Amino acid sequence: QVRLVESGGGLVQPGGSLRLSCAASGVSLDYYAIGWFRQAPGKEEREGVACMSSGDGSTYYGDSVKGRFSISRDNAKNTFDLRMNSLEPDDTAVYYCTADSMDSYCSKDGMAEPDYWGQGTQVTISS
């Protein structure tokens, strides 16, 4: 059974930084594309934030987070992170870590619906 568990959410002031982590069990992330989605309050759709393929490690970032967020993975620990800098109130959302067995999930054009989701962690940017 595949399980993804996020950690690291919380309340941060605008301009601050935060690191989210995702720990996987039941699957070896060596062979999975990984990524992060978020769902802002009052919005129905989830936005693809960042992802990384399993093959060549290529990445995708949503336009709203480019230059501020960075995704990384540690296959030895079966974990991956999302480092978030220069946080803005519009970054407030529930953040979900995701994984998919197909690298087509993560392309230069965006992110597809993944196979697996974490339960989500709340990130609030407020002064």
Side-chain angles (χ1 to χ4, degrees):
Q1 182 181 356
V2 178
R3 189 169 180 231
L4 302 176
V5 179
E6 302 94 341
S7 61
L11 172 64
V12 178
Q13 291 188 342
S17 299
L18 203 60
R19 186 180 76 176
L20 304 182
S21 295
C22 183
S25 59
V27 65
S28 173
L29 290 180
D30 296 55
Y31 308 106
Y32 278 71
I34 50 94
W36 295 86
F37 278 76
R38 68 185 182 186
Q39 186 169 16
K43 291 193 175 181
E44 287 190 9
E45 68 279 4
R46 293 178 179 177
E47 174 192 8
V49 175
C51 63
M52 177 182 285
S53 68
S54 64
D56 61 4
S58 56
T59 56
Y60 162 86
Y61 293 95
D63 287 342
S64 61
V65 306
K66 279 180 183 176
R68 300 188 299 122
F69 289 14
S70 177
I71 189 170
S72 61
R73 66 197 299 161
D74 187 337
N75 289 342
K77 295 182 179 179
N78 225 29
T79 61
F80 56 100
D81 290 350
L82 182 70
R83 286 177 169 81
M84 305 183 293
N85 298 318
S86 302
L87 285 162
E88 305 166 352
D90 283 349
D91 294 317
T92 295
V94 177
Y95 284 72
Y96 299 89
C97 65
T98 63
D100 196 283
S101 58
M102 302 294 290
D103 272 351
S104 56
Y105 150 74
C106 179
S107 76
K108 62 179 178 63
D109 298 321
M111 298 167 65
E113 185 78 11
D115 289 337
Y116 303 107
W117 295 81
Q119 83 287 353
T121 186
Q122 177 69 47
V123 171
T124 302
I125 313 303
S126 175
S127 55

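Every heavy atom of this structure was used, including side-chain atoms; hydrogens, water molecules and symmetry mates were not. Owing to the predicted nature of the structure, the values given are computational and were not obtained by experimental measurement.
Connection of F80 to M102 is not established within any shared hydrophobic cluster, with ILVMFWY side chains joined at heavy-atom distances below 4.5 Å, either directly or through further cluster members.
Checking N78 against S28 by side-chain atom types alone, no donor-acceptor pair falls below 3.5 Å. No side-chain donor-acceptor contact under 3.5 Å links T79 and D74. Between the side chains of Q119 and E6, at least one donor N or O sits under 3.5 Å from an acceptor N or O. In this structure, a donor-acceptor pair under 3.5 Å is present between the side chains of S72 and R83.
Of all non-hydrogen atoms in L4 and A99, the two that sit nearest each other are CD1-N, 3.8 Å. Minimum interatomic distance between C106 and S53 (heavy atoms only, all atoms of both residues): SG-N, 4.1 Å. Across all non-hydrogen atoms, the minimal contact from P14 to S126 is CD-C, 3.6 Å.
When each of T121, I71, V49, D81 is paired with L20, the side-chain contact (heavy atoms from CB on, under 4.5 Å) condition holds for T121 and for no other.
Ionic pairing of R38 and D91 is present here: one or more N-O contacts between side-chain nitrogen and carboxylate oxygen are shorter than 4.0 angstrom.
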Just do the side-chain hydrogen bond (donor to acceptor under 3.5 Å, both in side chains) check on D56 and S58 with the steps written out, would you? CA-CA 5 Å; D56 61 4; S58 56; 2.9 Å; yes
Give the C-alpha distance, both sets of side-chain angles, the deciding distance and a yes or no for side-chain contact (heavy atoms from CB on, under 4.5 Å) between V12 and M84. CA-CA 11 Å; V12 178; M84 305 183 293; over 6 Å; no
Would E47 and S64 count as a side-chain hydrogen bond (donor to acceptor under 3.5 Å, both in side chains) here? Give the steps. CA-CA 10 Å; E47 174 192 8; S64 61; 3.0 Å; yes
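Remark: side-chain polar atoms of T98 are not paired, donor with acceptor, to backbone N or O of P114 under 3.5 angstrom. Of the possible polar contacts, none joining the N85 side chain to the S17 backbone as a donor-acceptor pair under 3.5 Å is found. The main-chain N or O of S104 is never found under 3.5 Å from a side-chain atom of S107 such that the two would form a donor-acceptor pair. When atom types are taken as modelled, the side chain of R3 and the backbone of A23 share no donor-acceptor pair closer than 3.5 angstrom.
By the 4.5 Å side-chain criterion applied to Ile, Leu, Val, Met, Phe, Trp and Tyr, F37 is assigned to a cluster that also includes Y60, V94, Y96, Y105, M111, W117.
Classification of the Y95-F69 ring pair by plane angle, with boundaries at 30° and 60°, yields tilted.
If you take CG on L11 and OG on S127, they are separated by 9.5 Å, rounding to the nearest 0.5 Å. The CG atom of D115 lies 3.5 Å from the CG atom of D100; values are rounded to the nearest 0.5 Å. Taking CG of L18 as the reference point, atom CD1 of I125 lies at 6.5 Å (rounded to 0.5 Å). Put simply, CD on E44 and CD on Q39 are 8.5 Å apart, with the number rounded to the nearest 0.5 Å. The CZ atom of R73 sits 11.5 Å away from the OH atom of Y32 when rounded to the nearest 0.5 Å. With rounding to the nearest 0.5 angstrom, the SG atom of C51 is 8.0 Å from the CD1 atom of I34.
The shortest side-chain heavy-atom distance between Y61 and S70 falls under the 4.5 Å cut-off.
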